[in-house]
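Starting from 1, each residue takes its place in the sequence as its number. Heavy-atom basis, side chains included; hydrogens, waters and symmetry copies ignored.
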Amino acid sequence: MDFERAIWELGTLIVMPRKVYRNVYFQKQTKNKWARDDPAFPILLCGLLVCSAISWSIVKNFPFIGVLGFCIKVLLRDFVLAALCASSVIWLLTNIFMTSSGMTESKIEWAYAFDLHCNGFFAIYIWLYVLQLFLLPLIIGPKWISLFLGNSLYLAAFLQYFYVVYLGLSVLPFLRRTNLFLLPLLPIVSTYILSLAGYNFGQHVLETYFG
């Protein structure tokens with residue numbers, strides 16, 4: 001497993017996500033598949049999730065058995081279940097609405113949809129599992145700035161998720177209308193603007209998540 005490459009991809013996804021997808025063509029030419037054939041990236045992502053789960057458990061004063069349970073819960077719910085659902089949705093919608101019937105290869109692999117989700121999920125991880133933890137005292141405050149900060153983190157996380165997945169779809173030569181995947185950004189941004197009137201997503205999500 002090439003963990004060095006996986007670490008490079010994680011770092012590049014933060015600052016230059018488009019650069020990660022330049023290697024997709026090389027993968028297709030050398031191994032005749034668009035998806036990764038190395039599990040190092042999702043394994044590394046799972047390791048990062050466990051680290052963040054432990055950190056959140058310490059902040060929440062969980063007992064030792066509670067820490068173990070929370071780590072398992074995060075891996076199964078936030079990674080495995082979310083990845084299965086999101087990857088299947090990406091795979092299904094792309095093959096229904098974005099494929100070009102005139103090309104020999106016109107379907108994306110489910111494994112490639114899984115790669116796209118993992119790439120986008122890393123953005124969510126940075127914004128909501130790491131930055132939100134460090135900014136927790138500010139986010140749970142009663143002032144409007146807490147509401148603005150918390151909601152902005154969620155906005156940034158989901159904007160980057162959809163953008164990273166869109167970039168991965170746009171590099172495939174047999175797909176068309178890939179900009180359809182950016183349509184959810186309209187209700188996301190609209191909801192964010194409306195929420196600034198008094199709904200703190202950060203507080204409500206954390207209460208539900210740890211409730």
Side-chain angles (χ1 to χ4, degrees), residues 3 6-17 20 41-87 116-166 184-211:
F3 284 102
I7 292 172
W8 175 85
E9 288 183 343
L10 289 174
T12 307
L13 281 170
I14 298 175
V15 293
M16 296 179 63
V20 174
F41 189 93
I43 289 176
L44 190 58
L45 200 53
C46 287
L48 292 174
L49 274 173
V50 170
C51 292
S52 66
I54 294 173
S55 300
W56 278 96
S57 299
I58 294 173
V59 171
K60 295 295 182 178
N61 294 317
F62 287 173
F64 178 74
I65 191 66
V67 174
L68 293 178
F70 185 64
C71 289
I72 295 173
K73 185 177 181 180
V74 166
L75 284 177
L76 293 180
R77 178 187 60 188
D78 297 11
F79 184 75
V80 176
L81 181 60
L84 288 174
C85 294
S87 302
L116 296 184
H117 168 74
C118 288
N119 292 345
F121 182 77
F122 182 63
I124 293 178
Y125 172 81
I126 292 296
W127 288 104
L128 301 184
Y129 290 79
V130 178
L131 289 178
Q132 185 173 216
L133 176 62
F134 285 101
L135 298 174
L136 188 60
L138 297 176
I139 293 174
I140 61 176
K143 297 183 179 179
W144 185 84
I145 188 64
S146 299
L147 179 151
F148 173 76
L149 182 60
N151 291 5
S152 296
L153 286 178
Y154 283 82
L155 174 68
F158 286 101
L159 286 182
Q160 193 167 355
Y161 174 86
F162 280 97
Y163 179 66
V164 168
V165 174
Y166 159 75
L185 300 185
L186 294 176
I188 289 174
V189 173
S190 300
T191 302
Y192 167 75
I193 294 173
L194 292 174
S195 71
L196 296 180
Y199 189 88
N200 191 321
F201 274 107
Q203 288 186 3
H204 287 86
V205 170
L206 290 175
E207 288 174 1
T208 303
Y209 192 81
F210 292 101

*When rounded to the nearest 0.5 angstrom, what distance separates SG in C118 from CD1 in I43?*
11.0 Å

*Is it true that a side-chain atom of S146 and a backbone atom of L138 form a donor plus acceptor pair closer than 3.5 Å?*
yes

*What pair of heavy atoms forms the shortest contact from L196 to W144, and how long is it?*
O-NE1, 2.9 Å

*Nearest heavy atoms of A53 and S57, plus distance in Å*: O-OG, 2.7 Å

_Main chain of F158, side chain of W127: is a donor-acceptor contact present, judged purely on distance under 3.5 Å?_
no

*State, with a plain yes or no, whether a side-chain heavy atom of I54 is found less than 4.5 Å away from one of V50.*
yes

_Audit row: T191, L155, side chain to side chain contact (heavy atoms under 4.5 Å, CB included) steps and yes/no_ = CA-CA 9 Å; T191 302; L155 174 68; over 6 Å; no

*Do the ring planes of F201 and Y154 sit parallel (below 30°), tilted (30 to 60°) or perpendicular (above 60°)?*
tilted

*asked:* Rounded to the nearest 0.5 Å, what separates atom CZ in F162 from atom CG in L116?
replied: 12.5 Å

*If you measure from NZ on K73 to OH on Y209, what distance do you get to the nearest 0.5 Å?*
7.5 Å

*Is there side-chain contact between V165 and N119, with heavy atoms separated by less than 4.5 Å?*
no

*asked:* As an exercise, state the distance from NZ of K60 to CG of L136, rounded to the nearest 0.5 Å.
replied: 5.5 Å

*Would you say the ring centroid of F41 lies under 6.0 angstrom from that of F122?*
no

*asked:* Can you tell me if F62 has over 12 outside heavy atoms packed within less than 6.0 Å of its CZ?
replied: yes

*Could you go step by step and tell me if Y129 and L48 meet the side chain to side chain contact (heavy atoms under 4.5 Å, CB included) rule?*
CA-CA 9 Å; Y129 290 79; L48 292 174; over 6 Å; no

_Rounded to the nearest 0.5 Å, what separates atom CD1 in I124 from atom NE2 in H117?_
7.0 Å

*asked:* Contact between N151 and L147 at the side-chain level, heavy atoms closer than 4.5 Å - yes or no?
replied: yes

*What's the spacing between N200 CG and I140 CD1 if we round to 0.5 Å?*
10.0 Å

*If only atom types and distance count, is the side chain of S195 paired as donor or acceptor with the main-chain N or O of Y192 below 3.5 Å?*
yes

*Anything under 30° is parallel, anything over 60° is perpendicular, the rest tilted; go ahead and classify H204 against Y199.*
parallel

*How far apart are the C-alpha atoms of D78 and Y125, what are their side-chain angles, what is the distance that settles it, and do they pass the side chain to side chain contact (heavy atoms under 4.5 Å, CB included) test?*
CA-CA 10 Å; D78 297 11; Y125 172 81; over 6 Å; no

_Quick check: closest heavy atoms across A123 and Y161, and the distance to 0.1 Å?_
CB-N, 4.3 Å

*Can you name the nearest heavy-atom pair linking V20 to E9, along with the distance?*
CG2-O, 3.9 Å

*Side chains of V205 and L128: does their closest heavy-atom pair fall under 4.5 Å?*
no

*Nearest heavy-atom neighbours spanning T12 and W8*: OG1-O, 2.7 Å

*Kindly indicate whether the side chain of I126, heavy atoms from C-beta on, has any atom under 4.5 Å from the side chain of Q160.*
no

_What I'd like to find out is whether the side chain of I58 reaches to under 4.5 Å of the side chain of V67, using heavy atoms alone._
no

_Derivation and outcome, side chain to side chain contact (heavy atoms under 4.5 Å, CB included), residues L49 and F121_ = CA-CA 11 Å; L49 274 173; F121 182 77; 3.8 Å; yes

